[in-house]
Amino acid sequence: MGFTRSDVEALSASLNEPGWVLERRLEAWGWFEKMELPGEKEEPWRYTNLARLRFKLDDFSPNARQLTRPVVQSSNGSRGLSPDRSGQGEQIGGTITMTHPDMELDSGGVIITDIHTAIDRHPELVKPHLFAQFNPASHLFSALHGAFFSGGTFIYVPRGRTLSLPVEYGCHIEQPGGSVFPHTVIVVEENSELCYLERFTSSINGGAALSDAAVEVNAGQASRVFVATVQDYSPGVWHFQNHRYRTGRDASFKSLLLTLGGRFSRTEVTTEIQGEGNSVDMMGIYLAGEGQHFDFRTMQDHAAPHSTSDLLYKGALKGNARTVYSGQIHVRPEGRETDAYQTNRNLVLSDHAMANSKPELEIENNDVRCSHAASVGQMDENEVFYLQSRGIDRSSAERLIVKGFLEEVLGKVGRKDITGLVEQLLEERLSE
């Protein structure tokens with residue numbers, strides 16, 4: 001098992017890709033060959049030692065020889081389109097299926113398809129944006145993703161269009177030992193609206209698998225964009241994820257990260273605020289249980305004046321779980337009159353769980369309002385006692401307290417179709 005240059009070339013050949021895509025893959029592979037497994041000596045990985053967690057990349061292999069050409073079908077196809085979705089896709093291992101509404105594609109210029117079909121049919125739209133924000137040279141798993149990306153979506157929303165229903169893409173792993181590398185590119189032009197929902201699931205009974213995903217979003221002037229990611233893998237999955245968002249003038253952008261599953265999960269989220277008058281909300285919820293290690297790294301990068309960003313990540317830990325949050329607000333010299341806030345709160349439910357929180361500020365302009373806050377605390381026994389005195393058993397009381405703790409994040413979402421899903425998944429996980 002393991003990854004080789006010939007696997008990269010076989011993957012590209014199986015997809016019948018143009019030369020410029022193979023060039024980008026091989027450039028990433030060149031970085032991969034020079035890199036080692038990141039460790040505690042590197043500041044971005046200070047609290048995460050993959051070797052100590054017994055991660056071995058050689059335990060996994062690519063799907064390069066199993067990947068099938070994506071199947072794209074319209075809403076009158078055999079499987080149809082869910083009535084509450086503007087478009088949807090599914091990736092099971094190396095099999096990719098996309099369903100889209102004909103009406104959107106034919107009459108409005110909206111494109112909802114998988115990334116490989118987009119490369120084939122719309123290269124003029126994909127080429128300027130594929131890897132425009134994503135940097136394969138940042139660490140080993142970014143390079144590996146750049147070489148082996150497969151699956152994921154391409155969404156293009158032209159000027160003045162609104163998709164009132166979400167577009168959903170699901171990535172599912174069925175076999176241990178394999179790997180998935182979905183890559184999504186989203187382009188939303190001026191005064192348009194989109195909600196994108198990405199879900200990661202698996203059904204692995206024993207064994208391990210590798211997930212290495214990326215999302216690139218370009219939100220144009222006065223656009224309204226919401227990106228929600230749900231990671232609900234089974235315990236044997238190692239998950240790495242890199243989200244890069246870029247916002248234009250007067251754009252309203254929200255992101256929500258729900259992390260529940262996997263043996264290990266590392267998520268990097270960077271929002272580049274490049275337009276004046278931006279409003280950005282970055283939200284995160286996580287529940288970490290026995291044997292899980294979650295690592296979050298965020299960046300609010302203010303490169304334009306008169307913009308706001310508000311980050312709120314909250315999580316609960318039990319058993320011997322460990323979580324790491326490291327976030328930075330960076331205000332560049334041109335970012336005058338910036339309002340930026342960063343908050344990370346952790347609720348520890350056992351004596352063996354541990355949460356690390358490391359917020360940072362880097363301010364290069366004096367005319368700003370910026371602050372950060374972090375806390376790690378245990379459940380208040382007085383609250384538990386109060387609920388028990390009302391006839392509620394301890395287990396139910398603890399669930400109520402955790403749900404109340406996380407409610408602050410849910411209250412900021414502003415979309416019932418997303419909050420309903422999140423509440424359902426939280427209830428299922430808290431009831432385990």
Side-chain angles (χ1 to χ4, degrees), residues 37-40 44-57 59-60 141 171-173 176 179-180 198-213 229-243 256-269 284-298 313-327 344-358 374 376-379 395 398-399 401-403 405-406 409 422 425-432:
L37 201 66
E40 292 171 307
W45 297 79
R46 181 177 177 183
Y47 298 103
T48 296
N49 188 320
L50 290 171
R52 189 176 299 165
L53 293 172
R54 300 182 181 179
F55 174 84
K56 295 181 180 178
L57 191 58
D59 290 343
F60 310 102
F141 298 99
C171 181
H172 186 79
I173 303 176
S179 54
V180 292
E198 188 173 49
R199 300 182 65 176
F200 296 94
T201 58
S202 59
S203 53
I204 300 176
N205 296 318
L210 175 66
S211 172
D212 191 349
T229 300
V230 176
Q231 191 272 88
D232 195 19
Y233 278 132
S234 50
V237 179
W238 298 77
H239 180 61
F240 300 86
Q241 188 168 257
N242 194 330
H243 283 201
L256 172 66
L257 182 69
L258 175 64
T259 304
L260 302 172
R263 164 70 179 87
F264 171 89
S265 187
R266 160 89 176 197
T267 304
E268 301 175 14
V269 183
I285 293 175
Y286 46 96
L287 294 178
E290 190 72 30
Q292 291 183 305
H293 184 116
F294 295 164
D295 189 339
F296 306 96
R297 186 170 180 84
T298 68
Y313 273 46
K314 300 184 79 169
L317 302 74
K318 63 181 180 179
N320 65 349
R322 181 164 185 178
T323 64
V324 179
Y325 172 80
S326 176
N344 175 231
R345 307 287 188 195
N346 298 276
L347 183 61
V348 179
L349 306 177
S350 78
D351 293 335
H352 303 290
M354 180 181 296
N356 296 100
S357 189
K358 186 173 178 286
V376 179
Q378 294 182 323
M379 185 172 292
S395 178
E398 290 181 351
R399 288 201 303 271
I401 292 172
V402 172
K403 289 168 66 176
F405 174 72
L406 301 175
V409 182
V422 173
L425 293 173
L426 288 174
E427 182 65 34
E428 292 173 0
R429 182 54 58 95
L430 290 170
S431 299
E432 293 178 354

> So which atom in G261 and which in F294 form the shortest heavy-atom distance, rounded to 0.1 Å?
O-CE2, 3.5 Å
> Does the side chain of V237 come within less than 4.5 Å of R263's, by heavy atoms?
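Heavy-atom side-chain distance check fails, nothing below 4.5 Å.
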> So how far is it from L57 CG to F141 CZ, rounded to the nearest 0.5 Å?
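Interatomic distance, L57 CG to F141 CZ, rounded to 0.5 Å: 6.0 Å.
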> Report the C-alpha separation of R46 and V324 in whole Å, then their side-chain angles, then the decisive distance to 0.1 Å, and conclude whether the side chain to side chain contact (heavy atoms under 4.5 Å, CB included) test is met.
CA-CA 9 Å; R46 181 177 177 183; V324 179; over 6 Å; no
> Kindly compute the distance separating CD (Q378) from OG (S350), expressed to the nearest 0.5 Å.
8.5 Å
> Please name the residue in the list V409, N346, T323, V269 that meets the side-chain contact (heavy atoms from CB on, under 4.5 Å) test with Y313.
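Considering V409, N346, T323, V269, a side-chain contact (heavy atoms from CB on, under 4.5 Å) with Y313 is found only for V269.
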> Between L256 and G284, what is the shortest heavy-atom contact and its length?
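Heavy atoms of L256 and G284 come nearest at CD1-N, 4.4 Å.
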> State the CG-OG distance between L260 and S265, to the nearest 0.5 angstrom.
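Output value for this atom pair is 9.5 Å.
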> Parallel, tilted or perpendicular: which fits the ring planes of F240 and W45, with parallel below 30° and perpendicular above 60°?
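Ring orientation, 0 to 90° scale: tilted.
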> Looking only at side chains, do H172 and S203 share a donor and an acceptor under 3.5 Å apart?
yes
> If you round to the nearest 0.5 Å, how far is CH2 of W238 from CZ of R54?
10.0 Å
> With a 3.5 Å cut-off and no angle check, do the side chains of H239 and S211 form a donor-acceptor pair?
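S211 and H239 do have a side-chain donor-acceptor pair below 3.5 Å.
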> For Q292 versus L287, what's the shortest heavy-atom pair and its separation?
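Closest pair (atom of Q292, atom of L287, distance): OE1-O, 3.8 Å.
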> Would you please test T267 and R297 for side chain to side chain contact (heavy atoms under 4.5 Å, CB included) and show each step?
CA-CA 6 Å; T267 304; R297 186 170 180 84; over 6 Å; no
> Does C171 form a side chain to side chain contact (heavy atoms under 4.5 Å, CB included) with Y233? I'd like the steps, not just the answer.
CA-CA 10 Å; C171 181; Y233 278 132; 4.2 Å; yes
> In Å and rounded to the nearest 0.5 Å, what is the CG to CD1 distance from L406 to I401?
12.0 Å
> Only one of R266, H293, R322 forms a side chain to side chain donor-acceptor pair (under 3.5 Å) with T48, so which one is it?
H293
> I'd like to check N344 versus K358 (side-chain heavy atoms, cut-off strictly below 4.5 Å). Are they in contact?
no
> Which heavy atom of L37 sits nearest to which heavy atom of A51, and what is that distance?
CD2-N, 4.1 Å
> Say whether, by atom type as modelled, one donor and one acceptor occur between the side chain of N49 and the main chain of G39 under 3.5 angstrom.
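Absent.
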> Taking all atoms of both residues into account, what is the closest heavy-atom pair of T259 and Q231, and its distance?
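Closest heavy-atom pair between T259 and Q231: CG2-NE2, 3.7 Å.
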> Is the distance between the ring centroids of Y325 and F296 under 6.0 Å?
no
> Strictly distance-based, threshold 3.5 Å: is any side-chain N or O of S202 a donor or acceptor partner for the main-chain N or O of I173?
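Side chain of S202 to backbone of I173, a donor-acceptor pair under 3.5 Å: no, none is there.
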> For T229 and F200, run side chain to side chain contact (heavy atoms under 4.5 Å, CB included): C-alpha distance rounded to whole Å, both residues' side-chain angles, the deciding distance at 0.1 Å, then the answer.
CA-CA 8 Å; T229 300; F200 296 94; 3.8 Å; yes
> Taking C-beta and beyond as the side chain, do L425 and R199 meet within less than 4.5 Å on heavy atoms?
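Yes - at least one pair of side-chain heavy atoms lies under 4.5 Å apart.
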> Treating R399 as the side-chain partner and S431 as the backbone partner, does any N or O pair qualify as donor plus acceptor under 3.5 Å?
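No, the answer is negative, given that no donor and acceptor are paired below the 3.5 Å cut-off.
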> Could you give the distance from CG (D59) to CG (L210), rounded to the nearest 0.5 Å?
10.0 Å
> Shortest non-hydrogen contact from V376 to A355?
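Taking V376 first and A355 second, the nearest heavy atoms are CG2-O, 3.8 Å.
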